[in-house]
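Below, chain A is the first sequence line, B the second, and so on; all start at residue 1.
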2 protein chains.
Amino acid sequence: MTADPSGMARPATLEDVARVAGVSRATVSRVVNGAHTVDPRLRSAVEQAVSQTGYVPNRAARSLVTRRADSVALVVSERERRAVHDPFIGRMFTDPYFGRVVSGLLEVLRPSGVQLMLMLADDAASRDQLVGYLRQGHADGVVLISSHSADPLPEMLTRARLPAVLAARPADPGPPIAHVDIDQHAGAGLAADRLAALGRTRIGTVSGPLDMPAGRDRLEGFRDALAAHGIHEVAAVEGDFTQAGGAAAMRRLLAERPDLDGLFVASDLMALGALPVLYRAGKRLPEDVAVVGFDDSSAALACDPPLTTVRQPVEEMAAEMARLLLRQIGEPGRTVPSVIFRAELVARQSA
Amino acid sequence: MTADPSGMARPATLEDVARVAGVSRATVSRVVNGAHTVDPRLRSAVEQAVSQTGYVPNRAARSLVTRRADSVALVVSERERRAVHDPFIGRMFTDPYFGRVVSGLLEVLRPSGVQLMLMLADDAASRDQLVGYLRQGHADGVVLISSHSADPLPEMLTRARLPAVLAARPADPGPPIAHVDIDQHAGAGLAADRLAALGRTRIGTVSGPLDMPAGRDRLEGFRDALAAHGIHEVAAVEGDFTQAGGAAAMRRLLAERPDLDGLFVASDLMALGALPVLYRAGKRLPEDVAVVGFDDSSAALACDPPLTTVRQPVEEMAAEMARLLLRQIGEPGRTVPSVIFRAELVARQSA
DNA sequence: TTGTAAGCGTTATCAC
DNA sequence: GTGATAACGCTTACAA
């Protein structure tokens, strides 16, 4: 950063550093890459030259020869956008879940010097382009957040032999691809246990989309645990994991089961939409209706009263995804195991 | 994608395509880059060879020679993390605002074939590293979301002559750097107008952090407009733009001004935290207290009743940032103007 | 342990 | 209009 009077000088290259330090390019390269086979005296000369010139490696040049990008892509895969209703792309981006994933990924990626690229796939063309980029080594691997189980991307990534980790269990007849998830079935069971422990018997649930493994698993887990408590009848309506969808589903559920006293909403965000509907119907929480959510996202605290919910440690899970991905990138061919986290109930005041 | 029996074959290069098409590398490069100086017959031969081989340009190689990365960085700049309370980095990531920005940026960037990298700067070391990367051409420009006005990054980017656009007005004695913002002062005035029109006179406000231009401008704009309505006394407490902070500030405000009948909360997220505090104090909305928020984020709809608020078209603003940045990248040296959007009141049921 | 030199895949400057 | 050919900045055998 020192000798830069012209203001817009060309960034220093390995060659420049070598000249200043009085060694060869190769030696500088070794020092920069932390090789152990360098004379301590030369090393410190090089290190001084590096800071004197403000040298930073050119990633494009490095990438070209190493065939690694030192970056990974966070791919958000969505259904095709609905032209009219969604003026802007990426519904997922405004879900609190997304930010938590980013935070967890960066926690691990940053210390490793790996950059994070953000990509959106929402139709066949964008998926093809995406896989093309990745096959070119533009990114070394993929963390995939998929919003629907018919998504062809996991299959495409597997076939292209690209390191990838899914942010949820893949769809059932899917490729064997590493993923990080919580035990959705058991987690939903905790919600059932809670309602049963409170003596609630007239049970309803706003489920997630049933074409997503998470939606399906939570509904089944809830039902199974309820059955174990001797409750076999449960009114269920399908939501879409959005707040507005939660409100709409709640209205239908209430029409179907006006006397309900125990409610499981399969995501906090949907609960945020559902609660006002309950209030408008004259219900008090938790006296009239005990409500349990799912996620333990910021939406749970946004509820009034604060929502009792099933905690999903999204940041930790994302950090684990990053670790799995880096390992997979580091040891190509070796398949890494999936990791399933345990869910736990966070008791607050709604149930 | 056709001739790929080995599964993990080396991606096709320009050379490969040239061989298949029976032309030179240079011609293929011209076709790929859309040059007009190529014979239509050769062009179509090349195009066929491209799709036959599944060729995708290697960005690293291209970058190396063009000195452009065809990517921009979304930099989130935060104060140093507080070791104990924040187990994970990037508080900004979980703000609904962040997702909206991403969505708006991608809307413009994607069609331009420009990738988005996500970076976090939260201490001196990370800032230096960041500027180093960028000076190396690792990204062509920066969209900066800064969470505090003492942030040295705008200054650093300006000095390094890096194309950059700020997601808000820079701090007052700051570098002349392009930014996109709304007219915060006028926007907050709309909130004041609304409360005045409703006949409210015992006014309070939960402001944003006063060390941020947005926080300061909204408070001043609110006060100035109120004064124009003949209301000169207003109780103000400082919040931090988070939900928990909104709740805490609301408690202090209520202690100071228990009889208040008109409230302006400088962000919807803070309002989400403030409302339950009001309810617990026995206030009804909007009868006892009329409340106006700011942002028109998803949090406004999460409020019960739905929050009357000042709309900030974040997605559109982010799209504009992307456009400004691309223009700045395309015409180096030329400074682009800043863009100030108009705020508007969205009337719902809280005021 | 250090230096030399050969690429990595692309664009761009030339002659043709 | 097309084709050689020389960079771009780096890593990595291989030679010394």
Atom NE2 of H138(B) to atom P of dG9(D): distance rounded to whole Å?
16 Å
Test: R59(A) cationic atom under 6.0 Å from Y133(B) six-membered ring centre, within 45° of axis
yes
Nucleotides 14-16 of chain D: which of its N/O atoms have a protein N/O under 3.5 Å away?
none

Give the rounded distance in Å between these two atoms: CG of N58(B) and C1' of dT10(C).
8 Å
R68(B) CZ - dT10(C) P separation (whole Å):
15 Å
Ion pair R110(A)/D122(B), N-O distance below 4.0 Å
yes
Between L118(A) and M117(B), is any pair of side-chain heavy atoms under 4.5 Å apart?
no
Looking at dG3(C), I'd like to know if its phosphate oxygens (OP1 or OP2) sit under 4.0 Å from a side-chain N or O belonging to T27(A).
yes
Residue closer to the 5' end of DNA chain D, S24(B) versus R67(B) (nearest nucleotide):
S24(B)
Rounded to whole angstroms, how far apart are CD on E15(A) and C1' on dG9(D)?
10 Å
Please check: side-chain N/O of N58(B) versus main-chain N/O of A60(B), any donor-acceptor pairing under 3.5 Å?
yes
Among the nucleotides dG9(D), dG3(D), dT11(D), whichever has the atom closest to the side chain of V23(B) is dG3(D)
Between the protein and nucleotides 5-7 of chain D, which nitrogen or oxygen pairs are less than 3.5 angstrom apart?
none

Please state how far atom CG in L64(B) lies from atom P in dA12(C), giving the value in whole angstrom units.
12 Å
Quick one: is dG9(D) close enough that its OP1 or OP2 comes under 4.0 Å of any side-chain N or O from T13(A)?
no
Mind calculating the distance between CZ (R19(B)) and P (dG9(C)) to the nearest angstrom?
12 Å
How long is the line joining CG of L14(B) and C1' of dA4(D), in whole Å?
14 Å
For R62(A) and dC10(D), give me the distance from atom CZ to atom P, rounded to whole Å.
8 Å
Full working for side chain to side chain contact (heavy atoms under 4.5 Å, CB included) between D140(A) and V114(A):
CA-CA 10 Å; D140(A) 302 322; V114(A) 174; 5.7 Å; no
On the 0 to 90° scale, with breaks at 30° and 60°, tag the F93(B)-F98(B) ring pair as parallel, tilted or perpendicular.
perpendicular
Considering just the side-chain nitrogens and oxygens of T66(B), establish if one lies under 4.0 Å of OP1 or OP2 belonging to dT11(C).
no
Residue closer to the 5' end of DNA chain D, V38(B) versus Q136(B) (nearest nucleotide):
V38(B)
Distance check: side-chain N/O of N33(B) vs OP1/OP2 of dT11(C), anything under 4.0 Å?
yes
If only side-chain N and O atoms of R59(A) are considered, is one of them under 4.0 Å from the OP1 or OP2 phosphate oxygen of dG9(D)?
no
Return the minimal non-hydrogen interatomic distance between R30(B) and T37(B), and the atom names on each side.
CD-OG1, 4.1 Å
All pairs passing ring-ring contact (aromatic ring centres under 6.0 Å, His included) where residues 103-131 of chain B contributes a residue, at least two apart:
none
Does a donor on one side chain sit under 3.5 Å from an acceptor on the other, for D16(A) and T53(A)?
no
Taking atom CD of E331(A) as the centre, report whether more than 12 heavy atoms of other residues, nucleotides or ligands fall under 6.0 Å from it.
yes
